[in-house]
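Given the structure is predicted, the values throughout are model-derived calculations rather than measurements. Atoms within a ligand are numbered from 1 in the order they appear, just like the ligands themselves.
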Amino acid sequence: MQRAFRVGHGQDAHRLVAGRPLVIGGVRVESPRGAEAHSDGDVLLHALADALLSVYALGDIGRLFPPTDMRFEGLDSRAIVTQVLEKVRAHAAAMRVANVAAVVTLDAPKLGAARDAMSASIAKLLGIDSGAVGVTFKTSEGLAPDHVQASVVLAVLDG
Ligand code: C5P
Ligand code: MG
């Protein structure tokens, strides 16, 4: 197969509720509210998993991890990314992620102090350098104060 450059894109959003942990990019962030979800609600890793699947048109995580399946209750989303990566590699064995560009939108708390830990966590999952994982943060300017959202774009080399 001819060596090709591809892109992937994924997004996710979760409602924030009291009494739930806030986990973003595999990193636990101190917060009075966390994502309401069936799994650990890691919005960034869910967007990353969909971005990976989209590279080769392999569907999305809703198909692989149906919200109705009790086996996924409280699931660590790093396991979702690992399983997605296995699925992608089964389709394109020599693929490697060139870089990841992620945006997290959250009004509070501020996330800057956790940026390096998120990049390192994502880089470890993908087996790439943390310098290839850019994570930026935005508030919604009060438009979505009760939600956390993420968008991920990534570039992949086929071989
Ligand atoms: O959304 P806004 O442009 O006001 O965000 C300003 C800056 O605040 C961002 O560029 C980012 O550095 C920081 N930020 C953050 N954590 C958030 C939201 C924004 O660190 N949850
Ligand atoms: Mg999600």
Proximal protein residues to ligand 1, non-hydrogen atoms under 4.0 angstrom: Leu106, Pro109, Lys110, Leu111, Gly112, Phe137, Lys138, Thr139, Glu141

Can a donor-acceptor pair be found, under 3.5 Å and without considering hydrogens, that links the side chain of Ser130 to the backbone of Ala123? no

Report yes or no: does Asp107 contribute a side-chain atom to a donor-acceptor pair with the main-chain N or O of Gly142 at less than 3.5 Å? yes

With the side chain counted from C-beta on, respond yes when Arg6 and Met95 share a heavy-atom pair under 4.5 Å apart, and no when they do not. no

Flag the pair Val156 / Val88 as yes when at least one side-chain heavy-atom distance between them is below 4.5 Å, and no otherwise. no

For Phe5, the other hydrophobic cluster members (4.5 Å side-chain criterion, sorted by chain and number) are Val7, Leu157

Cationic N near anionic O, under 4.0 Å, Asp40 to Arg78: no

Please test Leu48 against Leu126 for side-chain contact (heavy atoms from CB on, under 4.5 Å), starting from the C-alpha separation and ending with a verdict. CA-CA 10 Å; Leu48 174 66; Leu126 300 178; 4.2 Å; yes

State which residues pass side-chain contact (heavy atoms from CB on, under 4.5 Å) with Ala132; sequence neighbours excluded, sorted by chain then number. Asn99, Ile128

Verify the neighbour count for atom CZ of Arg20: are there more than 12 heavy atoms of other residues, nucleotides or ligands below 6.0 Å? yes

Checked the Mg ion (ligand 2): protein N, O or S atoms closer than 2.8 Å come out as Asp12 OD2, His14 NE2, His46 ND1

